[in-house]
Amino acid sequence: MAGDALRAADLPGRGRGLLAARNIREGEEPLLFLLSAYSLPEPSLRVLLSLSSAATPPPTDQDPASLHAMVAALVPPQMLPPGFSPDLTAALLSKDRTNSFSIMEPYRPEVPQPLRKARAYAVYPRASLLNHDCLPNACHFDYADRPGPGNTDIVVRALHDITEGREVCLSYFAANWQYKDRQQRLLEDYGFRCECERCQVESKWKQDDDSDGGDGDDTMEEEEEDGNGGEGGDDGMEQEEGDGGSDSDDEFPHSYFFVRYLCNHGECYGMLAPLPPLPNGEPSHVFECNVCGNLKNEDEIDAPDGGDSSMAD
Ligand SMILES: C[S@@+](CC[C@H](N)C(=O)[O-])C[C@H]1O[C@@H](n2cnc3c(N)ncnc32)[C@H](O)[C@@H]1O
């Protein structure tokens with residue numbers, strides 16, 4: 001998605017969001033740039049402060065006064081933003097909470113997904129306009145371990161073709177979370193009740209009562225979130241995946257989404273997005289996982305057994 005592929009718009013009940021300004025092909029991606037709050041030129045700081053923030057966060061270990069004192073002690077005065085004060089730190093923290101992406105430590109199959117840690121949080125002002133949907137049409141990749149310039153960028157890639165005028169949305173956490181856990185997280189950390197198409201269906205399902213929700217991490221982390229619904233690696237997907245085909249389409253109308261876009265390599269639960277279109281404009285039929293990096297051919301993904309015969313390990 002090049003820069004002009006998206007346009008910001010005010011959307012009823014959702015604040016601002018990003019819409020497709022033209023038809024977007026599957027696999028297209030825009031580059032979005034990292035800003036570091038404490039070395040921002042003034043106009044960029046204003047951009048950061050203009051981002052939305054959800055309800056006042058509960059007091060936590062990261063309280064603004066102590067963070068303010070820590071930053072004041074560590075950062076050379078000339079790098080501090082104008083008007084640096086405890087209030088400004090509080091405002092930045094609250095913007096950060098709602099708008100930052102977690103840059104996760106590299107995926108290692110032996111580390112259970114809930115134990116995978118974020119090593120940094122980054123705010124990308126344009127990407128912060130992306131609203132959430134539990135059936136997202138895009139997902140993000142980061143390449144922090146690549147050498148060279150640009151490795152602090154994130155890339156947002158279309159999962160499938162997006163028609164002009166449609167909103168482009170991410171899932172703010174792993175797409176396999178159960179309804180109850182998704183709602184709790186979105187309400188507590190982002191201040192809204194999700195009424196997406198998937199939630200409307202799943203709100204009618206009988207929920208597992210012993211599921212305990214996410215782990216309280218509080219950022220706009222997308223698929224690599226460091227919790228998966230609290231079920232020790234299992235998840236809500238057994239409802240969609242069922243026992244191999246006896247589920248009715250009425251009850252599980254979104255099963256196709258999970259078969260096609262949820263990575264089933266180990267327990268990574270990343271999103272599979274097609275690689276960018278080929279130079280001749282043809283879609284790439286290779287999908288990349290945004291958590292484990294696995295590559296899969298489209299025909300393997302659509303195979304009836306959903307086999308995990310990945311192209312690269
Ligand atoms: C990262 S910001 C997204 C951009 C935001 N809408 C804005 O105006 O700046 C996250 C906030 O957007 C809103 N939001 C995101 N997805 C939403 C959805 N599906 N329904 C309603 N509000 C949503 C919530 O207020 C949430 O705290």
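Keep in mind that what you see is a predicted model, and the values were worked out from it rather than measured. In each ligand, atom 1 is the first atom listed, and ligand 1 is the first ligand listed.
- Applying the 4.0 Å criterion to heavy atoms of Thr98 picks out, from ligand 1, the atoms 1 (C), 10 (C), 27 (O).
- Within the 6.0 Å centre-distance limit, the rings of His132 and Phe173 are counted as a close aromatic pair.
- In this structure, Leu130 has a heavy atom closer than 4.0 Å to ligand 1.
- Below 3.5 Å of separation, one finds an N or O of Tyr190 facing an N or O of ligand 1.
- Polar contact check, Ser128 against ligand 1: no nitrogen or oxygen pair lies under 3.5 Å apart.
- Each of Leu19 and Ile162 belongs to its own hydrophobic cluster when Ile, Leu, Val, Met, Phe, Trp and Tyr are linked at side-chain heavy-atom distances under 4.5 angstrom.
- Taking each of Gly15, Gly17, Ala127, Gly13 in turn, the one with a heavy atom nearest to atom 21 (C) of ligand 1 proves to be Gly13.
- By the 6.0 Å and 45° rule, Arg146 stacks over the aromatic ring of Tyr143.
- Heavy atoms of Asp133 come nearer than 4.0 angstrom to ligand 1 in no pair at all.
- Counting Ile, Leu, Val, Met, Phe, Trp and Tyr side chains that sit under 4.5 Å apart, directly or through other members, Leu278 stands alone, with no cluster partners.
- Looking at Glu282 and Pro277, their side chains never come closer than 4.5 Å, going by heavy atoms from C-beta outward.
- In terms of polar-atom proximity, defined here as any N/O pair under 3.5 Å, Arg193 makes no such contact with ligand 1.
- For the ligand labelled ligand 1, residue Cys194 lies outside the 4.0 Å heavy-atom shell.
- Side-chain atoms of Val291 and Arg116, non-hydrogen and from C-beta on, do get closer than 4.5 Å to each other.
- Applying the side-chain hydrogen bond (donor to acceptor under 3.5 Å, both in side chains) criterion to Asp145, with sequence neighbours excluded, gives Arg119.
- Close approach of ligand 1 to Asn99 is summarised as follows: ligand atoms under 4.0 Å from at least one heavy atom of the residue are 1 (C), 2 (S).
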